Protein chains: 4
Amino acid sequence: MQQEHRPLGRPRQDHKEKPTKNVILDVATRLFLEQGYQVVSMDDVAKKCGVTKATVYYYYKTKADLFTDAMVQMMIRIRKRIFDILSADKPLKDRLLEFAKAHLQATVDIDLKGFMKEAKTSLSKDQLQQMKEAEDKMYEVLEQALINAMEKGDIPQGHPKLGAHAFVSLLTVGNYKDSDQKPIFPSIDEMTEQIVDFYWNGLAK
Amino acid sequence: MQQEHRPLGRPRQDHKEKPTKNVILDVATRLFLEQGYQVVSMDDVAKKCGVTKATVYYYYKTKADLFTDAMVQMMIRIRKRIFDILSADKPLKDRLLEFAKAHLQATVDIDLKGFMKEAKTSLSKDQLQQMKEAEDKMYEVLEQALINAMEKGDIPQGHPKLGAHAFVSLLTVGNYKDSDQKPIFPSIDEMTEQIVDFYWNGLAK
Amino acid sequence: MQQEHRPLGRPRQDHKEKPTKNVILDVATRLFLEQGYQVVSMDDVAKKCGVTKATVYYYYKTKADLFTDAMVQMMIRIRKRIFDILSADKPLKDRLLEFAKAHLQATVDIDLKGFMKEAKTSLSKDQLQQMKEAEDKMYEVLEQALINAMEKGDIPQGHPKLGAHAFVSLLTVGNYKDSDQKPIFPSIDEMTEQIVDFYWNGLAK
Amino acid sequence: MQQEHRPLGRPRQDHKEKPTKNVILDVATRLFLEQGYQVVSMDDVAKKCGVTKATVYYYYKTKADLFTDAMVQMMIRIRKRIFDILSADKPLKDRLLEFAKAHLQATVDIDLKGFMKEAKTSLSKDQLQQMKEAEDKMYEVLEQALINAMEKGDIPQGHPKLGAHAFVSLLTVGNYKDSDQKPIFPSIDEMTEQIVDFYWNGLAK
DNA sequence: TATGAATGAGCGTTCATTCAT
DNA sequence: GATGAATGAACGCTCATTCAT
């Protein structure tokens with residue numbers, strides 16, 4: 001709340017841990033992921049940030065804007081992480097295992113498809129487009145890794161786009177809990193391995 | 001609003017119209033599937049049925065009740081259809097192909113996972129339980145078919161629950177559209193075949 | 001408004017002094033006239049009616065709808081009153097005097113022009129059109145009276161539309177109060193007479 | 001944002017730009033005239049001026065202050081123009097014609113009455129008083145011209161205050177557009193002449 | 001069986017205003 | 001002088017729900 005040294009110049013508001021806009025974006029991202037677009041109100045976001053609704057509107061013109069920004073930024077971050085994991089100098093299957101593990105460890109499961117449908121009626125054409133593009137780019141990273149593996153002969157030629165989407169969709173199996181709240185596999189490690197195995201070998205061995 | 005002739009002793013419904021309750025359930029099912037739980041209002045349902053909101057409330061105590069009933073009944077119907085398809089006397093792969101095709105031809109894609117998350121905050125524990133159980137039973141039909149195939153030696157021993165969920169999750173790939181609104185495969189037939197092939201053989205052949 | 005005998009059947013809600021919709025329309029009309037479109041909130045209307053905002057919305061889909069209906073109904077009523085006054089079998093000047101007196105005695109002065117401008121940004125094209133048409137019809141009644149008088153030779157030929165608008169605009173002079181809140185004339189009677197005289201004779205006698 | 005050369009001692013404003021306060025007042029005047037008090041927001045004014053809302057508040061403590069100042073200054077300017085026109089050495093009717101033409105040519109029609117009512121609830125007593133006084137002074141100029149004409153015998157003795165208000169109110173007829181958006185007269189010239197004629201001669205010749 | 005009327009609570013959004021810088 | 005950040009209060013509107021009829 002007060003500067004000790006170098007008091008002259010344009011220190012703006014230093015000391016501040018994190019700019020408010022970022023706080024809002026982070027909180028919003030978490031809430032939207034956990035509860036979905038419609039259920040989360042701007043007041044919910046504001047309260048969790050310790051600011052008023054009007055402050056949220058100071059940074060984001062509409063709820064749809066906030067949502068779009070939150071989702072797109074998140075997808076960009078995820079894409080980077082996927083890229084890092086898949087760029088490692090290891091056999092493809094090992095990289096996929098790592099990818100799967102990282103994804104399945106995440107506390108919230110990211111149901112992009114569900115978000116897309118929920119928000120379809122509320123977002124502008126442009127906002128939907130932005131989200132779609134960010135989503136596409138996420139898949140492209142995985143697709144490219146598959147293409148590379150095919151070229152190097154590590155896996156047989158095939159439809160890389162199908163391969164990419166198949167992998168991600170298989171991962172969602174990990175989030176399933178039955179009516180007794182029991183997941184399909186007891187531990188994340190076993191789940192990871194079995195899912196990647198299934199992806200690799202298919203049903204018929 | 002009143003019958004002029006033949007006024008004595010007959011079923012209430014004029015000429016075999018569907019009973020109101022069924023109309024409401026059908027309309028609600030369609031609306032919920034198309035737009036999601038939160039977006040659909042009780043008024044929307046009522047108007048599409050040509051009745052008033054109060055009438056909807058006469059048959060369903062709350063929106064959550066209506067939603068739960070709609071989803072559970074739908075899952076029961078789907079389960080029957082899956083059962084019929086999988087009971088045929090054909091090789092497993094052919095039956096899976098038929099299952100896949102039936103699913104991918106459906107106009108609305110049934111994003112159960114999305115519905116679950118969206119409704120999580122609005123449904124009672126009991127209602128969530130009902131939905132979960134209906135969902136479980138759907139998977140069990142497929143699971144059982146896989147178990148039978150394993151016992152008969154048509155496919156290698158494996159984790160049938162994983163197999164069941166993997167199949168359904170792979171089917172969702174068929175609904176993907178990229179940012180140019182293009183699906184991964186040009187025709188449903190090709191999509192069906194490629195997805196089932198991938199399920200059968202895995203990535204590494 | 002109430003049936004004394006034949007108590008069986010569907011007595012609805014009897015006893016009710018005035019249907020809620022009418023109460024809302026009347027209160028809204030008064031408030032809009034007194035304070036203008038923007039200043040009056042739907043909550044203001046509701047509270048003055050002793051109902052909730054939601055009730056107002058039950059009867060009127062939007063504020064603009066309520067406003068338009070209020071203004072149009074009012075103009076229709078005024079038009080009828082003008083018509084009655086101007087239909088009397090008296091010399092034109094006497095009828096104009098009566099018209100002027102009725103107008104100047106009204107507690108609220110009806111600044112249609114101001115309403116039009118204020119609401120221009122908020123009303124739909126169709127709503128503006130409705131208001132304009134109701135306004136036009138009000139003037140037409142007066143215009144027709146002037147046309148008749150010209151045909152009978154009671155006043156010289158002239159531009160009847162100008163005559164009609166001139167008369168109404170002259171009446172607004174009666175509502176003027178200077179910075180000491182003093183009107184131009186001490187009594188309504190004198191005001192009426194002087195204004196009509198001026199209208200009749202002009203400035204130069 | 002900063003001057004590179006000749007950085008020493010000069011008037012702040014770069015090349016004689018209009019001082020910010022004047023820009024704000026001018027812009028505000030135009031916006032208020034065009035759209036009314038309630039509809040125009042402080043942000044609207046700020047944006048049109050290329051400054052921030054806070055800057056507007058730096059010069060005007062409240063919106064009501066800005067409005068009052070804008071209106072009063074405008075009325076002072078108008079009063080001067082009226083005074084100039086009416087001071088010419090011409091017959092009264094010619095001067096009135098010129099006055100009318102100037103008024104009717106103005107793109108925005110100045111509905112003082114409407115502004116008064118719209119702002120009534122928002123302005124302080126003192127601010128209303130200021131506006132009233134400025135308005136009174138406008139009328140006084142015209143009133144005085146009529147008094148002079150009466151003294152010189154150009155027009156018969158009469159109520160000069162009524163004459164002044166009658167003239168201004170008659171001018172508003174020129175702004176009327178019917179439901180087909182057609183004004184009463186096809187050209188401003190004809191309108192001017194007919195209105196002044198009516199003012200001069202009255203309805204009955 | 002079905003409805004018209006009414007409501008409480010909440011939501012997305014706007015806006016005049018303040019204040020530290 | 002001028003601004004960026006923040007807010008409190010309201011506003012128009014929606015919606016699930018209730019209840020007397």
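This structure is a prediction, so every number in the text was calculated from the model and none was measured.
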On DNA chain F, check which nucleotide each of Q38(B) and K53(A) is closest to and give me the residue with the more 5' one.
K53(A)
If you assign each of V40(C) and S41(B) to its closest nucleotide in DNA chain F, which residue comes earlier from the 5' end?
V40(C)
Nucleotide paired to [N] in any strand shown, Watson-Crick or G-U, under 3.5 Å:
N	value
dT14(E)	dA9(F)
dT21(E)	dA2(F)
dT14(F)	dA9(E)

Spacing of [X] atom [atom1] relative to [N] atom [atom2], expressed in whole Å:
X	N	atom1	atom2	result
D43(B)	dC13(F)	CG	P	17 Å
K21(C)	dA6(E)	NZ	P	12 Å
K18(C)	dA5(E)	NZ	C1'	18 Å
K47(A)	dG10(E)	NZ	C1'	10 Å
L66(C)	dC11(F)	CG	P	15 Å
F67(D)	dA16(E)	CZ	C1'	16 Å
K61(B)	dC19(F)	NZ	P	11 Å
Y57(C)	dT14(F)	OH	P	7 Å

For dT1(E), take OP1 and OP2 only and decide whether either is under 4.0 Å from a side-chain N or O of Y58(B).
yes
Nearest heavy-atom neighbours spanning [X] and [Y]:
X	Y	answer
G36(C)	E118(C)	CA-OE1, 3.5 Å
L66(B)	L25(B)	CD1-CD1, 4.1 Å
T68(B)	L123(B)	OG1-CD1, 3.8 Å

Which nucleotide, [options], lies nearest any side-chain atom of [X]?
X	options	answer
K63(A)	dT17(F), dG12(E), dT7(E)	dG12(E)
T55(D)	dG8(E), dG4(E), dT3(F)	dT3(F)
M42(C)	dT18(F), dG12(F), dA10(F)	dG12(F)
T20(B)	dT7(F), dG12(F), dA2(E)	dA2(E)
T52(C)	dC11(E), dA16(F), dG8(E)	dG8(E)
Y59(D)	dG1(F), dG8(E), dA5(E)	dG1(F)
A54(B)	dC19(E), dT17(E), dT18(F)	dT18(F)

In the structure I gave you, are the side-chain heavy atoms of V56(B) and D43(B) within less than 4.5 Å of one another anywhere?
no
More than 12 foreign heavy atoms under 6.0 Å from NZ of K48(C): is that the case here?
no
Please figure out whether Y37(A) or V51(B) has its closest DNA chain E nucleotide nearer the 5' end.
V51(B)
Would you sort out whether Y37(A) and F115(A) count as a ring-ring contact (aromatic ring centres under 6.0 Å, His included), showing the intermediate values?
CA-CA 7 Å; Y37(A) 179 71; F115(A) 287 148; 9.2 Å; no
